[in-house]
Structures are given as C-alpha cells and as structure tokens.
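Every heavy atom of this structure was used, including side-chain atoms; hydrogens, water molecules and symmetry mates were not.
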Protein chains: 4
Amino acid sequence: MSKSGFSGQRTPALRADARRNREALIAAARELFAEQGLETPLDDIARRAGVGNATLYRRFATREELIEAVFHDLLDEGLRTGEEARRGEDAWSALVGYMEGIFEGLAANRGAIELMTTAVPAGPTLAELRRHNHETVSELVRRAQEQGAMRADVTAEDLLFGLAALGRCVPSAAAVVPGSWRRHLALLFDGLRAEAARPLPAPPLTFRQLEDALADMAAPRGRAPQG
Amino acid sequence: MSKSGFSGQRTPALRADARRNREALIAAARELFAEQGLETPLDDIARRAGVGNATLYRRFATREELIEAVFHDLLDEGLRTGEEARRGEDAWSALVGYMEGIFEGLAANRGAIELMTTAVPAGPTLAELRRHNHETVSELVRRAQEQGAMRADVTAEDLLFGLAALGRCVPSAAAVVPGSWRRHLALLFDGLRAEAARPLPAPPLTFRQLEDALADMAAPRGRAPQG
Amino acid sequence: MSKSGFSGQRTPALRADARRNREALIAAARELFAEQGLETPLDDIARRAGVGNATLYRRFATREELIEAVFHDLLDEGLRTGEEARRGEDAWSALVGYMEGIFEGLAANRGAIELMTTAVPAGPTLAELRRHNHETVSELVRRAQEQGAMRADVTAEDLLFGLAALGRCVPSAAAVVPGSWRRHLALLFDGLRAEAARPLPAPPLTFRQLEDALADMAAPRGRAPQG
Amino acid sequence: MSKSGFSGQRTPALRADARRNREALIAAARELFAEQGLETPLDDIARRAGVGNATLYRRFATREELIEAVFHDLLDEGLRTGEEARRGEDAWSALVGYMEGIFEGLAANRGAIELMTTAVPAGPTLAELRRHNHETVSELVRRAQEQGAMRADVTAEDLLFGLAALGRCVPSAAAVVPGSWRRHLALLFDGLRAEAARPLPAPPLTFRQLEDALADMAAPRGRAPQG
DNA sequence: TATGAATGAGGCTTCATTCAT
DNA sequence: TATGAATGAAGCCTCATTCAT
C-alpha cells in the first residue's frame, strides 16, 4: 500500500503503534467486508482487530473512510490494470481480459461487489476509480467496435450494466463452483459480438442513468447502507 | 387465493375475523415487501395491516411463512404462465415472452426480486415454483435448441443464472428508466442464440449448484435475511 | 391526571399493565427530573421505573413527550392557578400570590425550573401554559398599574424575565434554606412598585424577544438539551 | 498574567516551549469557554490550541485548574475593579458602576457566567476573588446604607444573590438584545433603594449559605460539571 | 383468540482519562 | 517532556420476539 500511486501522502507519519492498529483495523475490515459485506458492525471489526471501538472511530471517522482505506489497494490496482488494458492492441481481448481480472478479484469478496454495485457513499478514491473504469471500458468498446469485433449498437453503459449485474452474483457462484463465473462472463460477451447484433427494444442508459441505477441498488429499503 | 392449487389444505377453516386479519396482513406485507424488500420490520407490516404484531406471529410463525403467503398468488400465477409458455410452438419466442412477463412483474417489486434471487428461507410453495420454473425453462431451452434457435452448448441453468443476475438489477434500472431492462434482457438472449455459439471456458452449473449459488446471494453477511 | 382538563382524551384506553408501567415511568421521570433536571439519562428512568428501556420508548417516543407527560399535572394546575389569580380584586396581591404559588412548586424541582426557563423543546401543552401564564401576568400587570400599585414604566416581560432569572435559582436556594426564595421574590417585587419608579436605561424586551432569550438559556453550548 | 499578584509563584520556571503551550491552551480554552461554556470537550480545546490532549492534562491536571488559569486574568482584573469601586465616594453609584462593569464582561462569556454562579470546582484563585467581591459589595452596601441610599433591611448577600440570578441570564438576554440587561439590573437596584423598603418575609442568607446555594446551581444533575 | 405490551440485545457515537512513544 | 493514541463506559435508539390480558 505504501508504495502505491494514490496512498502514502495522505497519512502524515503515523506513529508505529498507531500504524499497527490502523493496519490491524484495515485487515480486520478487509476480512469482514469480504465475508459479510460492507455493513458489518463496526464493533465487530474493532474486536477482530483487537482494539477498542473508539480506536476505530479515531482512525476512521465514518464507515466510508474505512471502506475507502480497505479498498484502496484494490482500487489502486484497478487503475493500473485499466491503464494496461488500454494499451492492448486487440481491444476485444483487452476488454475481456480486463474484466476477467476484475472478476477474479471480486470472486471472494462480498464487500468489493457491494462497492462495485454502489455509486453512493464511498469517498473520492472510489469515485475516481469508477470514472477511470468507465473511461477504460468506453475506450475499449469504441476501439473494439472500430475493429469490428463488437456490435455497433451497444454502448459502454450496456456492458457496464451487464457486468454490474453479473458481478453481484460472482461471489455466490464462486462460493459454489470457483471458476464458474467465467462461463457466464463469456456468455455475456458472446451477446456483444458483432455477429450477435440484433435490433434492440430500448435505448441504452446514459452514464448518469447508469450511475443512478447502481446507486439505487446500493440502497436497500430506500436508505443508504446505514453507516 | 383460496381456490389456488396450492393452498387451501393447510388452513383448517379459519374463523371469519381471523381470515380477515390474515388477508390484511398479506396485503400489507405485499405492499411493504414490494416497496422496501423482504426485510421490512414486522411491526410495520402489522401496523399497516391494522392488527397487533402478535397477531402476525400467530398467523405466520416465521417471516418465511409470511413471505410464502404473500407471494403465493404471484407464484401461482407463475405456474399458470409457465404452463402457457410451454404450450408455445416457437420455443425461443415462448422463452423470451415468458421471461419478459416475469420481469414485468419484478420491475416494481423489490421483494419479488429478493425472492427470485433467494433459494433459502421461503418455504415449500416457492420451492415448488422454482422447480416448475426450472422445468419450464428446461423444456423450452431443449426445444429451442432442437429448433435450432438456441446454441446447443448452453443449459437452462446458464439462462437461469443470467436471469437471476439481471433480475436483481431490474427494479433499480426500472426506477431510473422504466423499460430499460428490456434492452438488457435482449442482450442476454442475443448471447444465447445459435449464431452466437463460441467455446465456453467452464462447465455449466448443475441445478443444485445453481440453487446453492442463489441461496448464497440471499444471505447477506453470512446469515439468513435477519428474520 | 385523568380528571384534569387537558389530559384524559388523548390516551385511548390503555391496558391495565401498560397503564401501570406508564405511571411508573412518569413517576420515575418526575423524581429524576426533579432531582437531576431534564437531561437525566432515559435508561436511568426506565431502570428506576423497573421496566426495560424499550418500554419507555414505546410509551414516549421522544424525551419531549415524556417531559410533557410528567409535567402535565403541574401545568394543568398552573392554568387553574392562573385563572384564579385573574379573578383577584387587588391585582398586585393576586400577582404576588400567583408567583408565590408557582415558586412553591418550583422549589424542589430542577426539571420544572429548566422547563420554565426553556422555550424550546417541550410540546404543545407547555406552550399553552406559557401563553396562558403570559396572559395572566399581562392582565394583572395592567390592572396593578391602573390601580396604582405597580410602576407604569415596566412591562409584563420585565417581570417575567426577573421571575425566570429568580426561578432558576430557587431550587438551589431552597435546598440550602427552604423558604429563602420568598425574600428574593419580595425584593424583586419591591423594585416594581409605583414608588420605586426611576428612569430605566433600556427599553423592555418584547414578548418574542423574551421567548428567544429564554430559549437561548435552554440551549447550553448552542445545542438543544440533547434529547 | 505573569506579573499579576496571584500567579508566578506556582509555576517554577517553565521551559519556553512549555510556556508557549500553556498560553496557547489558555487562549483556546478562553475562547471555547466563552462560546460554549465550561463543559467544552477538552479535546476540542487541545485541538484549537494546536497541542496534544495529553499536554493539556500535563499542564492542567483537572478541568478546574484550567478554568482557574483561564479566568485568572479576568479575576485579577476583578480585584482591581473592586478596589477601585471601594474608593468611590458615593457608595450607591460605585456599587451600581461596579456591577455594570462586571455584567459588561459577562455579557459575551458563557463560561464566566457559569463560573460566577459556581462556587464549587474552581480553585483558590476564584475563591479569593469571590471573597474579595463579597468584601467589596459588603463594604459598599454598608456605606450605601449609611449614606441613606440603600434600604437598611437588605444585606450584601441579598444583592449577591440577585446579581447571580440576573447574571446567569445576561448572555442569553444580550444575545437577543445587546444592552437589555441594563434594564433588569436597574430594576434590581430599584428594589434595593431606601424608598423601596418594605417588610421582608424571610431572613437573608448568610454568606456561607449563599455560597452553598451558588455551588448547588453549579451542579447539574447532582454531579459536578462532569469534568 | 387476538392483542398490546414488554423485553433485551445490539448497533452507533462521544468523551474523559490513561498509556506508550 | 510532550504527544498521539487507546480505551471503555455511557448514552441513544431499533427490532425481533415473547408475555400477559
């Protein structure tokens, strides 16, 4: 984490023990978020980290901050992966590979999924990642269409929506049969090939609409995830 | 409801007022489940029904029972729809129409979605429906493949998984742009056409595995939906 | 309480045990409010009443509701006392007597004081009482001035302000020497007699300004009393 | 502060940085006490001072010590003002002027008010000031009575009590209408003039009783101001 | 029987104070 | 020495579930 592009600057030289606690909290949160999702009780996280609950509050004033910290690496890595994908010659392959990489990370992580299907309360880093992700996908979609691999009547938003839908199911599928999501991802992509083109019954979502829809998914019972 | 195929045996002649209460509870739960999902506080349901909460417990010992009762009609209707679909000549069209019908119903009903993506705590009726649904889809898939419309390397489970994934997102998408799910459903089907066939990287889930995966989706934080 | 003018209608036939609990809660709150003021922890009140804390919340959704209930009798009695005072021939004596009556009630009750010096969060009944109190004082002041007993250059607001100031100190003074507040009240009134008239260095507060000032007193550190 | 009569002995040559910290803490506390009263969270004070909270504890073992330090200057000034007042020819005018001066200082300072109405947890300096204040008032009262301006049946304690009562309300009144307290102070004094004399219904408090009463006012909910 | 009521555990925060660097 | 950090005890509130009428 310390040598990643994003992080490092923000923490003004934390004391050794504090740093240890911080790391312990993040580690505990990472585990529990992965196992149980982003709504895990904060007290549980503190307990697993072996610190008092107030320590958690001192380090992370809000749940969002903790989430942001926990997923910093993942997100960071996401940026790198995105950049790399954009450099691919064959846009279609790059896109598929990019997505496989992401799903690989999601497969064992409920929290990451919730994050991916959540536009709402997750701080600037995540927003940045989402933006970057959208850019990556947009560019690859455009190029894949130019290269004749992807059907011309779909948009990046179509793909992103499908991926969000699938992504939400990945951990559960992976829990039952580890690699099974690869098959469903492949089927999703098969519907987006040039050869698969058929008239579509409704216009695509705009990016804004997509974000709103994802945000909505993140708010069970109309309220934000409680934190 | 009383004349449906499923119910009737189970309730041994309820007193008139008890019956009224039961109906009121179901109606209230139907509304709140649709609006807020299946985790709506039970007290809220009782209040909206205008009865005491203990009455709710007396009528429905567990949240599951209430869910089962609430969705009985829907499920019932699902059976009918399934039967009808099976009678279609053109299996592909029948399948598409069948699914559109289901999604239509889901679009405004959070609870129904949760149910659809939930194999766990929902009682025998729902199990029966799921079985029936599986049968319908299996048969239509088989026939669509025989008729050359659907690619031969996919299974009913593949389709059901994709539908579950999509279905979970339908209400949110519909909340933003009402008919938008039609586009994504179409894309899903486009990947299943005979022409779209490509080698797939993993074997399909068995029905049992699919059920387990769906069950897993229904258990946020590792526990059953809280009730 | 049941036969008072205000109450009685509002509670739609509470069950016997609930009524008992309600009374116990009110009694416990009355004691604790009197001893410790209006910010007593609600859990303490529940404990002293011998009920679970949630029972308190069921009966009184907010601290204000509880306050309102606790002081209902007192307030109610205040109305009666006010009416009676207005019927007095000698306005000055009536005013003095009225105030002595009020202070008598305040002497052992911190909560009542806080209430009296609080314009803010206390529900409609208290607002009504304050209005009524203001009316009583206004009328008696006017008549006492007409009768030549009270100096003409003071207003009801002047008196109310002085009474609020004094009232806040009554319980503490009474805790040390029971009747001592009578002396200070007398001194306050002595400054309001016709003979005491002297040019005053600033205009009186309007009623609205008085209310604002009292409200301000009720909000330590800028926030409302926390409940 | 360093050259005041009181301080200086107690701090055995503080190191330069320590001294700076001490001053910063006092300055921060002065501001926050004035704005929010004496119960301001200590961490807030340390933060505003730009030092660690433990530093605060090292410098001031208890909240009282900090209070004492903060109000040292004010008190110091109080002594001077008192001395000056005692030198006045016309005792009545001197008394009025003295009080106006004090109220002027209180009007924008919640903490000072709380202090003035607090006999308890404020250390020797404050005790000294209170003693001095009492002396000043006693002497002026005696002389004003001798000079025939003040009624003979009141005591310094009567006046002090009234002033405490009024003083507690000054900031709130001043928050609404800046100079309004002058009117109420004038009314208070009008009741103490020789011409206003009337039989009083109770004996005056002794100094000790007055102190106890003021101490009582300072203890909301029966406990000391929380620190 | 139906019901309102009661419960207690659990989640979130805040703060005075002590500890370790 | 000065400091940031850690702590744990309260306080508030919500809900599923059991109890008593």
Using whole Å, what does the distance between atom C1' of nucleotide E:dC12 and atom CD of A:Glu65 come to?
16 Å
Look at the side-chain N and O atoms of B:Asn21 and state whether any lies under 4.0 Å from the OP1 or OP2 oxygen of E:dT3.
yes
Whole-Å distance, B:Ile45 CD1 to F:dT17 C1', equals 14 Å
Using the test side-chain hydrogen bond (donor to acceptor under 3.5 Å, both in side chains), find all partners of B:Arg58 that sit at least two apart in sequence or belong to another chain.
none
Just N and O in the side chain of A:Thr55: are any of them under 4.0 Å from OP1 or OP2 of F:dA5?
no
Listed partners of A:Asp43 passing side-chain hydrogen bond (donor to acceptor under 3.5 Å, both in side chains), at least two apart:
none
Value in whole Å for how far the C1' atom of E:dA2 lies from CZ of B:Phe60:
14 Å
The criterion is side-chain contact (heavy atoms from CB on, under 4.5 Å); which residues satisfy it with A:Phe60, sequence neighbours excluded?
A:Arg22, A:Leu25, A:Ile26, A:Glu65, A:Leu66, A:Ala69
With a 4.5 Å limit on heavy-atom distance, are the side chains of A:Phe33 and A:Ile45 in contact?
yes
Measure from CG on D:Asp43 to P on E:dA16 and round the result to the nearest Å.
7 Å
All side-chain hydrogen bond (donor to acceptor under 3.5 Å, both in side chains) counterparts of D:Glu31, not counting sequence neighbours:
D:Arg48
Closest to side chain of D:Pro41, choosing from E:dA16, F:dT3, F:dT17
E:dA16
Nearest listed nucleotide, side chain of A:Arg59, among F:dT18, E:dT3, F:dA6:
F:dA6
In whole angstrom, give the distance that lies between atom CG of C:Asp44 and atom P of F:dA10.
10 Å
With B:Ala46 via side-chain contact (heavy atoms from CB on, under 4.5 Å) - residues at least two apart:
B:Val51, B:Asn53, B:Leu56
Which residues share a side-chain hydrogen bond (donor to acceptor under 3.5 Å, both in side chains) with C:Arg20, sequence neighbours left out
none
D:Tyr57 has an atom OH; how far is it from atom C1' of F:dA6, in whole Å?
14 Å
Report the nucleotide, chosen from F:dA5, E:dC15, E:dA6, that has the shortest atom-to-atom distance to any side-chain atom of A:Ala18.
F:dA5
For DNA chain E, what is the dot-bracket line, given that a base pair needs Watson-Crick (N1 to N3, plus N6-O4 or O6-N4) or G-U wobble (N1-O2 and O6-N3) geometry with both distances under 3.5 Å, and | means paired with another strand?
.||||||||||||||||||||
5'-most by nearest nucleotide on DNA chain E - A:Asn53 or B:Asn53
B:Asn53
On DNA chain E, more 5' by nearest nucleotide between D:Leu42 and A:Leu42 is A:Leu42
Any donor-acceptor N/O pair, C:Arg63 side chain to C:Thr40 backbone, under 3.5 Å:
yes
Per nearest nucleotide of DNA chain F, the residue lying toward the 5' end, B:Ala61 or A:Val51, is A:Val51
Rounded to whole Å, CG of A:Leu25 lies from P of F:dA5 at a distance of 13 Å
Distance, rounded to the nearest Å, where A:Gln36 contributes CD and E:dG10 contributes P:
14 Å
Return no unless some side-chain N or O of B:Arg47 is found under 4.0 Å from OP1 or OP2 of E:dG4.
no
Nearest listed nucleotide, side chain of C:Arg58, among E:dA6, F:dA5, F:dA16:
E:dA6
Over all atoms of both residues, closest heavy-atom pair of B:Gly37 and B:Arg110
N-CB, 3.9 Å
Kindly compute the distance separating CD (D:Glu23) from CZ (D:Arg30), expressed to the nearest 0.5 Å.
9.0 Å
What's touching nucleotides 19-21 of chain E from the protein side, N or O pairs under 3.5 Å?
none

